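In the text below, chain A, chain B and the rest are named by the order of the sequence lines, each starting its count at 1. Owing to the predicted nature of the structure, the values given are computational and were not obtained by experimental measurement.
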Amino acid sequence: QKEVEQDPGPLSVPEGAIVSLNCTYSNSAFQYFMWYRQYSRKGPELLMYTYSSGNKEDGRFTAQVDKSSKYISLFIRDSQPSDSATYLCAMSDSGGSYIPTFGRGTSLIVHP
Amino acid sequence: EAGVTQSPTHLIKTRGQQVTLRCSPISGHTSVYWYQQALGLGLQFLLWYDEGEERNRGNFPPRFSGRQFPNYSSELNVNALELEDSALYLCASSLAGQLAQETQYFGPGTRLLVL
């Protein structure tokens with residue numbers, strides 16, 4: 001079992017839909033959780049960063065962490081065609097090395 | 001403020017050759033990370049440099065190596081290229097690699113094709 005599991009998709013939704021992207025993990029030491037967006041043939045860009053459990057909201061994006069279930073989510077409200085990209089979850093522990101472990105990424109397609 | 005830059009953008013090599021990829025971090029960042037993103041796979045951690053020293057390396061053979069210069073820029077060297085080395089190589093930088101709170105900012109990557 002990989003440390004971080006993420007469904008590669010693709011996930012296809014109509015414009016305006018609420019999108020839910022998820023990752024599960026097995027390492028209970030993970031404390032820091034990130035979501036990156038990666039457009040085709042580009043490097044990932046940081047979208048959301050959360051520490052420990054709870055919710056964090058930034059505009060149309062909401063990140064949720066449920067450490068008891070080892071499950072994290074990214075919600076996108078009022079999705080736009082420009083949101084079409086691959087979304088990568090990443091997480092790390094509080095140890096000294098801080099090397100994040102990434103999921104494989106979920107491909108999202110928002111069609112007009 | 002300029003982001004992380006990488007060169008070249010694309011590269012084609014043949015098996016057995018050697019390649020050097022370059023990365024310039026965001027100004028003020030001292031840590032540089034290298035990742036491999038092969039088609040259909042997630043980002044695989046390769047190397048982490050901080051203050052000129054190699055701090056950690058991922059599960060890759062020794063033919064993957066690198067260094068960090070006094071200006072914090074970095075090179076990734078891959079010797080004896082194999083077909084499966086074909087991938088997008090991403091560089092990221094952060095303010096201080098030893099602090100988990102610091103997040104990584106990625107460059108656009110170098111796409112390497114090995115024929």
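Listed options A:E45, A:Q6, A:Q38 were ranked by heavy-atom pairs under 4.5 angstrom with chain B; first place goes to A:Q38.
Looking at A:P44, both its backbone and its side chain come within 4.5 Å of chain B, counting heavy atoms on both sides. For B:Q6, no part lies near chain A; criterion is any non-hydrogen pair under 4.5 Å. With a 4.5 angstrom heavy-atom cutoff, B:R111 touches chain A only via side-chain atoms.
Classification of the A:Y49-A:Y32 ring pair by plane angle, with boundaries at 30° and 60°, yields parallel.
Summarising the geometry of B:V4 relative to B:Y105, their closest heavy-atom pair is CG2-O, 3.2 Å, with the distance given to 0.1 Å.
Residues A:D83 and A:R60 are paired through a salt bridge, judged by an N-O separation under 4.0 Å between the basic side chain and the carboxylate.
Put simply, CG on B:L88 and CG on B:L113 are 12.5 Å apart, with the number rounded to the nearest 0.5 Å.
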